Protein chains: 4
Amino acid sequence: MLLKIEFESDVPIYTQIKNQIIEGIALGILKEGDEMPSIRQLASDFGINLHTVKKAYDLLKDEGFLNVHRRKGYVVTKNAFADDNFIEELKKDLQPILANAYSRGMMQDEILTICEEILRKFKNKE
Amino acid sequence: MLLKIEFESDVPIYTQIKNQIIEGIALGILKEGDEMPSIRQLASDFGINLHTVKKAYDLLKDEGFLNVHRRKGYVVTKNAFADDNFIEELKKDLQPILANAYSRGMMQDEILTICEEILRKFKNKE
Amino acid sequence: MLLKIEFESDVPIYTQIKNQIIEGIALGILKEGDEMPSIRQLASDFGINLHTVKKAYDLLKDEGFLNVHRRKGYVVTKNAFADDNFIEELKKDLQPILANAYSRGMMQDEILTICEEILRKFKNKE
Amino acid sequence: MLLKIEFESDVPIYTQIKNQIIEGIALGILKEGDEMPSIRQLASDFGINLHTVKKAYDLLKDEGFLNVHRRKGYVVTKNAFADDNFIEELKKDLQPILANAYSRGMMQDEILTICEEILRKFKNKE
DNA sequence: GTGGTCTAGACCACA
DNA sequence: GTGGTCTAGACCACC
């Protein structure tokens with residue numbers, strides 16, 4: 001699992017970490033049961049503060065992607081599921097992004113192809 | 001064009017305005033040449049600050065969705081286009097959202113269908 | 001709304017704050033729409049750190065008892081409801097406490113009476 | 001007596017052990033005079049540290065639920081009783097839990113019924 | 001060793 | 001003014 005943090009980005013560091021871990025799960029790089037690097041480890045690896053890492057981990061825990069094991073620390077889990085609420089949020093998140101692409105002249109198919117490309121990289125479910 | 005502002009959203013108000021105007025363009029509700037309500041008008045309609053509306057309008061101007069006309073005020077334009085930079089950004093924006101949906105157990109097809117649904121609402125280009 | 005913090009308690013300060021706010025809602029002292037004191041305000045009132053207060057507020061937000069309004073700050077809301085998950089948790093929380101009382105020789109009725117007393121203080125729903 | 005330890009719970013393991021033993025007593029599974037498994041035994045059964053088990057046992061001893069017998073090891077006893085202090089603590093523990101349930105829209109009767117259900121499982125005193 | 005809590009203080013985004 | 005993010009560093013609980 002290789003994280004890449006952009007310090008100049010306007011997206012918060014903890015969000016970058018969170019997103020990349022979720023992408024790691026989608027890509028099959030991170031599997032259920034995998035132990036995450038300790039908060040302090042990851043923080044020192046990237047030269048960031050442990051609270052920043054903790055916030056990312058805690059959000060992932062709240063969403064059901066991580067669990068805290070009393071001995072192993074944070075562990076990948078898969079309790080997150082797509083309920084109706086999530087689907088609603090998903091649409092709300094996608095809508096402005098897709099609208100922007102469309103309003104810039106892209107065709108529906110072009111946009112769909114990009115979505116497909118991204119999804120194809122994700123590991124097929126066994 | 002009906003704007004709906006959620007004061008308890010974590011999305012900044014100026015972003016909400018900006019997004020909804022872009023969506024209005026995608027949906028065909030706002031067409032090239034349409035005059036936007038004045039900053040003062042819109043601000044007082046929603047009981048928000050002038051600066052907030054101006055920030056949204058200015059961002060839209062920077063992106064090529066609005067123009068400032070000396071007499072008519074802000075006017076819908078269509079100078080925004082999808083260059084390589086934008087496509088890169090688009091992918092970067094979509095990736096974490098799609099990964100999240102996928103990691104929650106949704107199938108690629110399900111996710112694509114949602115994208116398609118959203119896109120279908122947008123007005124076909126004449 | 002009067003908060004009382006016990007610094008020598010082994011229950012974390014942010015939990016004390018969180019609990020008392022929930023009790024305030026149950027008692028009818030805090031009503032939907034009420035604006036909470038600002039993070040900094042409450043922190044300085046009690047001589048504690050603003051992060052501690054923020055953690056309490058954020059937990060309450062996650063549970064649906066508070067919302068962040070862009071102008072008013074944290075506001076009492078009532079999105080929290082008792083789904084099956086909550087009921088499960090509730091039982092899991094109550095069980096050891098009630099077992100302890102029972103194992104110390106209290107009769108079922110005695111224990112129930114205490115629960116009733118506590119519940120009776122809560123404001124009847126209109 | 002079957003213990004079940006959740007390593008990913010936020011409840012400390014020694015507390016889980018302690019609680020389940022008290023519940024065992026309430027349920028009548030553990031009776032006065034019963035010999036507990038040895039610390040070593042229990043620790044190795046669950047792959048946990050000796051100190052963790054010892055801490056649970058010692059706390060139970062302090063509260064009057066266990067006694068140390070020179071030969072038999074830890075033995076169930078029933079010296080624990082509900083003095084005024086305990087009743088105070090009991091109320092303090094119950095209040096936030098019940099307030100939470102109530103603030104989520106449960107009716108007083110619903111909550112009481114749950115308490116009753118739990119209590120009913122406990123063995124009637126002979 | 002791990003995570004959990006709390007402090008003190010800085011700077012930024014938003015309205 | 002509000003909350004949001006990040007840092008640096010301390011001390012504790014648990015295993």
Side-chain angles (χ1 to χ4, degrees), chain A residues 5 7 9-17 35-44 46-59 61 66-75, chain B residues 5 7-17 43 46-56, chain C residues 5 7 9-17 35-44 46-59 61 66-75, chain D residues 5 7-17 43 46-56:
Chain A
I5 295 178
F7 289 95
S9 165
D10 56 339
V11 8
I13 294 175
Y14 73 82
T15 304
Q16 295 185 41
I17 296 174
E35 301 174 21
M36 297 300 296
S38 81
I39 290 178
R40 282 169 173 79
Q41 179 70 48
L42 209 160
S44 86
F46 290 99
I48 57 180
N49 194 276
L50 85 179
H51 292 112
T52 307
V53 178
K54 180 162 163 45
K55 177 151 186 182
Y57 277 12
D58 279 346
L59 284 171
K61 179 178 135 199
L66 294 183
N67 244 341
V68 184
H69 186 289
R70 291 209 92 86
R71 283 210 295 263
K72 302 176 187 165
Y74 285 84
V75 170
Chain B
I5 292 179
F7 286 97
E8 307 203 348
S9 164
D10 54 344
V11 181
I13 294 174
Y14 73 85
T15 305
Q16 294 185 42
I17 297 175
F46 290 99
I48 57 181
N49 198 293
L50 293 177
H51 301 325
T52 307
V53 180
K54 179 158 168 35
K55 178 158 186 177
Chain C
I5 294 178
F7 289 95
S9 166
D10 57 339
V11 10
I13 296 176
Y14 72 82
T15 304
Q16 294 185 41
I17 297 175
E35 302 173 20
M36 298 298 296
S38 80
I39 291 178
R40 282 169 173 79
Q41 179 68 47
L42 209 159
S44 87
F46 290 98
I48 59 181
N49 193 277
L50 86 179
H51 292 111
T52 306
V53 178
K54 178 163 163 45
K55 176 151 188 181
Y57 277 12
D58 280 346
L59 284 171
K61 179 177 134 198
L66 294 184
N67 246 339
V68 184
H69 186 289
R70 292 209 91 86
R71 285 210 295 262
K72 302 176 188 164
Y74 285 85
V75 169
Chain D
I5 293 180
F7 286 96
E8 308 205 344
S9 163
D10 56 343
V11 182
I13 293 174
Y14 75 84
T15 306
Q16 293 185 44
I17 296 174
F46 291 99
I48 57 180
N49 198 292
L50 293 177
H51 300 325
T52 307
V53 181
K54 180 159 168 37
K55 178 157 185 178

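As a basis for the values below, the full set of heavy atoms in this structure was taken, side chains included, without hydrogen atoms, waters or symmetry mates. Just so it is clear: chains get the letters A, B, ... in the order the sequence lines come, proteins before strands, and each one is counted from 1. These figures come from a predicted structure and were not determined experimentally.
- No contact: B/Ile48 has no heavy atom under 4.0 Å from any strand.
- Here F/dG4 is the nucleotide among E/dT5, E/dA8, F/dG4 with the atom lying nearest to any side-chain atom of C/Lys54.
- Partners of C/Thr15 according to the side-chain contact (heavy atoms from CB on, under 4.5 Å) rule, which considers only residues two or more places apart in sequence or in another chain, are C/Val11, C/Pro12, C/Asn19.
- Annotation: side chain of C/Tyr14 is in contact with side chain of C/Leu59 (closest heavy-atom distance under 4.5 Å).
- D/His51 is linked by a side-chain hydrogen bond (donor to acceptor under 3.5 Å, both in side chains) to nothing, counting only residues two or more places apart in sequence or in another chain.
- Not counting sequence neighbours, the partners of A/Val75 by the side-chain contact (heavy atoms from CB on, under 4.5 Å) test are A/Glu35, A/His69, A/Lys72, D/Glu8.
- Here C/Ile5 pairs with C/Phe7, C/Ile13, C/Gln16, C/Ile17, C/Phe46, C/Ile48 under the side-chain contact (heavy atoms from CB on, under 4.5 Å) rule; sequence neighbours left out.
- Checked against salt bridge (Lys or Arg N to Asp or Glu O under 4.0 Å), A/Lys54 has the following partners two or more places apart in sequence or in another chain: A/Asp58.
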Q.
Expected output check: what is the dot-bracket annotation of DNA chain E, where ( ) and [ ] are pairs inside the strand (brackets for crossing ones), | is paired with another strand, and pairs are Watson-Crick or G-U under 3.5 Å?
A. ||||||||||||||.
Between the protein and nucleotides 11-13 of chain F, which nitrogen or oxygen pairs come in under 3.5 angstrom?
none

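- Of the two residues near DNA chain F, C/Met36 and A/Leu50, the one whose nearest nucleotide lies more 5' is C/Met36.
- Taking for each of B/Val11 and C/Thr52 the nucleotide of DNA chain E with the nearest heavy atom, the 5'-most of the two is the partner of C/Thr52.
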